[in-house]
Amino acid sequence: MESLRELGTEPPQRLDLRRIPFSGQWGLASSVCLQLGKNGAEEPVPEGLSKKEARELLKRRAQERSQRLAEQVATSLRSRGLFADVQAQNGYVNMYFDTADVASRLLRAVHHAGPDYGRGEPKNETLMVEYGQLNTHKPGHIGHLRNIALGQALCNILGHDGYSVLRATYIGDTGAAVFKWLWGYSKWHQGETPRADDGGWWEHIYVEANKAITENPEYEREYRELQLRWDQRDPEVMDLWTRTREVSLQYLHNLFATLGVEFDVWFYESQFGDSGKEIVRELLDKGIAEVDEGAPILRLDAKLGLDRETYRTVVLQRSNGTPLYQTKELALTRAKFDNYPIERSLNVVDVRQTLYFQQVFKTLELLGYEQARKSGHVPYETVVLTTGPMSSRQGNVVIYDEFSADMTERALATVREKNPEMPPAQQAQVARAVGFGAMKFGMLDRDNTKVLVFNREEALDFDGFSAPYVQYAHARACSILRKAPEIDWENLRVPSDLASVETDLLEAIGNFGDAVGRAAREYKPLYVVTYAYDLARAFADFYRDSPVLRADDEDLRNFRLALVYAMKTTLANALGLLGIVAPDVM
RNA sequence: GUUCCCGUAGCUCAGUGGAUAGAGCGUUUGGUUGCGGACCAAAAGGUCGGGGGUUCGAGUCCCUCCGGGAACGCCA
C-alpha cells in the first residue's frame, strides 16, 4: 500500500493477496495493479478500427499499464527487504519467501503433529451425520456402498477439521419390502435358517415374493394382512419379524465391519411410527397443518408466504392414519435434536430425496427447532448400471458381498503375482487393503453431483487414478524409511538450491490442511481424494529424480529422509480420512 | 407445467473469478549399472454444449436456448 502511495497512486480499500501459482518458490501475489491498470486506458483509439479491435487494443493497454505499475511497486518493495524477492509478472506483484526457511518449518510441523497433521482449529460444534441407511431383510448393494464410503469419509474429514462428530445410521426395518419378504419366507422358505453371511439369499426371497405379489391379487391380500397383523403386534408375526430381523442386523453389522465403519448411534424405522403421529397431531393442534381429503397436510409455500413453488405441500400421514416415510423422518430428526447435544444434523442420502428433506427441516423450523436452520441434506447422485437404474424389486442389483469378494479376489491374484515370496497371510492382508481401498476410491473419485455408471471392468482396474496407485506410493516411502538411519531432526538443514521435484513435493504436503478444510466446508470428500492422488504423484516424481539413501551428502540425505517421512505421514493421514488402509508393503 | 442437477480431450473425469484449461484410460514411441516397474518419459488429442451479458480478467457468476437425468399430496 505504501509503495503505491509513494508512486502517487491511491490504493483500493482492500489489498487482494493470494498464493502465487506454484512453480518452485512460495510467496504471495497481489492483483492490485491489474485492477488499477484499467484507469487511464481509455485514451483515444485510432480511427478505422473495428469495435472488436478497439476493445482488444484497450485491453492490451490496460495490461501494459498494469505491468509497468507492478514493476514500479516491485522495485519499491524490493528496497524494503521484507521479502526474499519481489517480481512483477503479467501485471501481478509477486512477493517471494525464503524457500529453505518455508521448507524447514513445514517438515518440522509435520513431524511434530504426526497423525494430527492437517487438523483444523477446534470448532466447538457437535454434528450428527447420518448415513448407511440400509434395510433389514435385504442385501447391501453398490448403491449403498457409495453412500457408506461418502458418509464415512465425510465424518472423518469433519472430525479432522475440528468438529465433534456423532456417527449415526437409520435402519429400515418396517417398510413394505420387509413385509413382502416375511410373506415370501413364511410361504416358501419356512424351514431355512436365515443367513447372516449371504446377501444373495435375502435378495432371492424378496425378488421371488415381490414378483408373486405383483402377479397374484390373492398373494397381495395375504401380504397386506401380514403387515396389518404386525401393526397390531400379533405375537406370531412379531416373533417371525424379530427372529429374522436379528439375523439380518447381524448381516448388516458384518457388512459395516468389513468396511471399517462404526456408528455411535443406531436408529430404527420401527421406533418412529408412534412419535411421528404425535408430531402430526401437534402440527394440527398448532394450526400449522390442516386436513385435506382426509390426510393431514402442510402447505409449506403458503405458510411461508412464498410466491414461487419451493417446498410445495407435504402429506404428513396417510388418510387411514398410518405413518409415511416423511412422518417418521420428522420424528427421527426431532429425536436427534431433543436427545443429543448437536448444533447441526446432516443426512447423507441420495439426491432424489432432496425435496423431502427440505420439507422435513422447514417443518421442524416452524416448530421452533433452531438446529434445523443449519442442518441439511448432503445429496449425492445415484449409482446406475450400464443397463440403467438398479432395481432391487426386479433383482438387477450388484450385491455388495459379491462385489467385494470379486475385488479382494482380484487384488489377491495381483498381490501373488507381484510378491510371490510374501507369506500367504500377509498376501491376504495386503489384498484386503488394496481390494477395499480400490472399491471405496472408485465410489469417491467423482463429484457427488455426478451419476456413477457402474462398470465392473473399470472398478477392477487397479491402474492410474486409483487407490492402489496412492497406496503404492505409501509402501515405497515406507520401504525407503525402513532401510534408512534415524532422521536427525535436531540438525535438519534444508539446502538452498532445492530441485523442482522437491519443492513440488513440499508444496503438495503443505496443501493438506486446505484440502481438508475445503472438503469439510463443502461436504465433498472428493477434494481429499484428488489431494491424495496429487501427493502420491508428486512423490513418484521425487523418488525418480532425487536419490535419498544414496544422496552424496549427509545433510542432503537427512533432508530428503525428512521429506519422505513427511510425505508418508501426510499420505497416511489423507488415506485414513477416506477410510482407506495405507499398507507398509504391497 | 414447476424446480433442481449434469454437459470440459476418442472414453471416464478434475479444475477455489486470476497467470499457458489438467489427470486417468485408450492410441503411438520409448525406459534394467537405478531407494521395489502396481512405475516413469515423450507424442497426438480442446469452438470448456450454443448465444448474449457482468468483470481489468469467465470453464467458473447472471440471462437465454439446446441436449441428458431427477424430483414434484397419501411408495420408501
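Note that these values count all heavy atoms, side chains included, but never hydrogens, waters or copies made by symmetry. Just so it is clear: chains get the letters A, B, ... in the order the sequence lines come, proteins before strands, and each one is counted from 1.
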Provide, to the nearest angstrom, the distance between the CG atom belonging to A:Leu563 and the C1' atom belonging to B:C35.
-> 14 Å
Indicate whether OP1 or OP2 belonging to B:G36 is found under 4.0 Å from a side-chain N or O atom of A:Ser479.
-> yes
OP1, OP2 of B:C13 versus side-chain N and O of A:Arg446: anything below 4.0 Å?
-> yes
Look through every strand shown and name the nucleotide pairing with B:A41 as Watson-Crick or G-U wobble, where both distances are under 3.5 Å.
-> B:U29
Taking B:C39, B:C35, B:G73 as options, the one with an atom nearest any side-chain atom of A:Val315 is B:G73
Of A:Pro21 and A:Asn135, the one whose nearest nucleotide on RNA chain B sits closer to the 5' end is A:Pro21
Cut-off 3.5 Å, side chains only: do A:Asn147 and A:Tyr380 have a donor facing an acceptor?
-> yes
Roughly how many Å is it from CZ in A:Phe542 to C1' in B:C40, rounded to a whole number?
-> 16 Å
Assigned partner base of B:G1, Watson-Crick or wobble definition, under 3.5 Å | B:C72
Taking B:A14, B:G37, B:U2 as options, the one with an atom nearest any side-chain atom of A:Arg312 is B:U2
Could you check which of B:C6, B:A38, B:G15 has an atom nearest any side-chain atom of A:Tyr527?
-> B:G15
If every non-hydrogen atom of A:Ala209 is compared with every non-hydrogen atom of A:Gly184, which pair is closest and at what distance?
-> CB-CA, 3.8 Å
With B for base contact, S for sugar-phosphate-only contact and - for none (protein heavy atoms under 4.0 Å), nucleotides 24-33 of chain B reads SS--------
B:C4 P sits how many Å from A:Glu381 CD, rounded?
-> 15 Å
Using the ring of each side chain (for Trp, its six-membered ring), is A:Phe357 parallel, tilted or perpendicular to A:His377, with breaks at 30° and 60°?
-> parallel
Rounded to the nearest 0.5 Å, what separation is found between the CG atom of A:Leu284 and the CG atom of A:Leu298?
-> 9.5 Å
Taking a pair as Watson-Crick or G-U wobble with both distances under 3.5 Å, which nucleotide is matched to B:A9?
-> none
Looking at B:U3, does its base get a donor-acceptor pair with the side chain of A:Arg308 below 3.5 Å?
-> no
Can you find a side-chain donor-acceptor pair between A:Asp350 and A:Thr382 that sits under 3.5 Å?
-> no
Between A:Arg318 and B:C75, is there a side-chain N or O to OP1/OP2 distance below 4.0 Å?
-> yes
Hey, is the side chain of A:Lys450 poking within less than 4.0 Å of OP1 or OP2 on B:A14, counting only N and O atoms?
-> yes
Describe the nucleic acid contact of A:Lys483 in one word from base, sugar-phosphate, nothing, applying a heavy-atom distance below 4.0 Å.
-> sugar-phosphate
Determine which nucleotide pairs with B:U16, using a 3.5 Å limit on both distances of a Watson-Crick or G-U wobble pair.
-> none
Result of checking A:Trp230, A:Tyr219, A:Trp241 against A:Trp183 for ring pair (Phe, Tyr, Trp, His ring centres under 6.0 Å) | A:Tyr219
Protein-nucleotide distance (A:Gln25, atom CD; B:A19, atom P), rounded to Å | 19 Å
What is the distance, rounded to the nearest whole Å, between atom CZ of A:Phe539 and atom P of B:C35?
-> 13 Å
Base-pairing assignment for B:G34 (Watson-Crick or G-U wobble, both under 3.5 Å) = none
Of the nucleotides B:G36, B:A38, B:G18, which one has an atom closest to the side chain of A:Arg476?
-> B:G36
Separation of B:C6 atom C1' from A:Leu452 atom CG, nearest Å, is 14 Å
Do the numbers put A:Lys328 on top of the ring of A:Phe272, so that NZ or CZ is under 6.0 Å from the six-membered ring centre and no more than 45° off the axis?
-> no
What pairs of residues pass the ring-ring contact (aromatic ring centres under 6.0 Å, His included) test when at least one of them lies in residues 544-569 of chain A, not counting sequence neighbours?
-> A:His111-A:Tyr565, A:Trp489-A:Tyr565
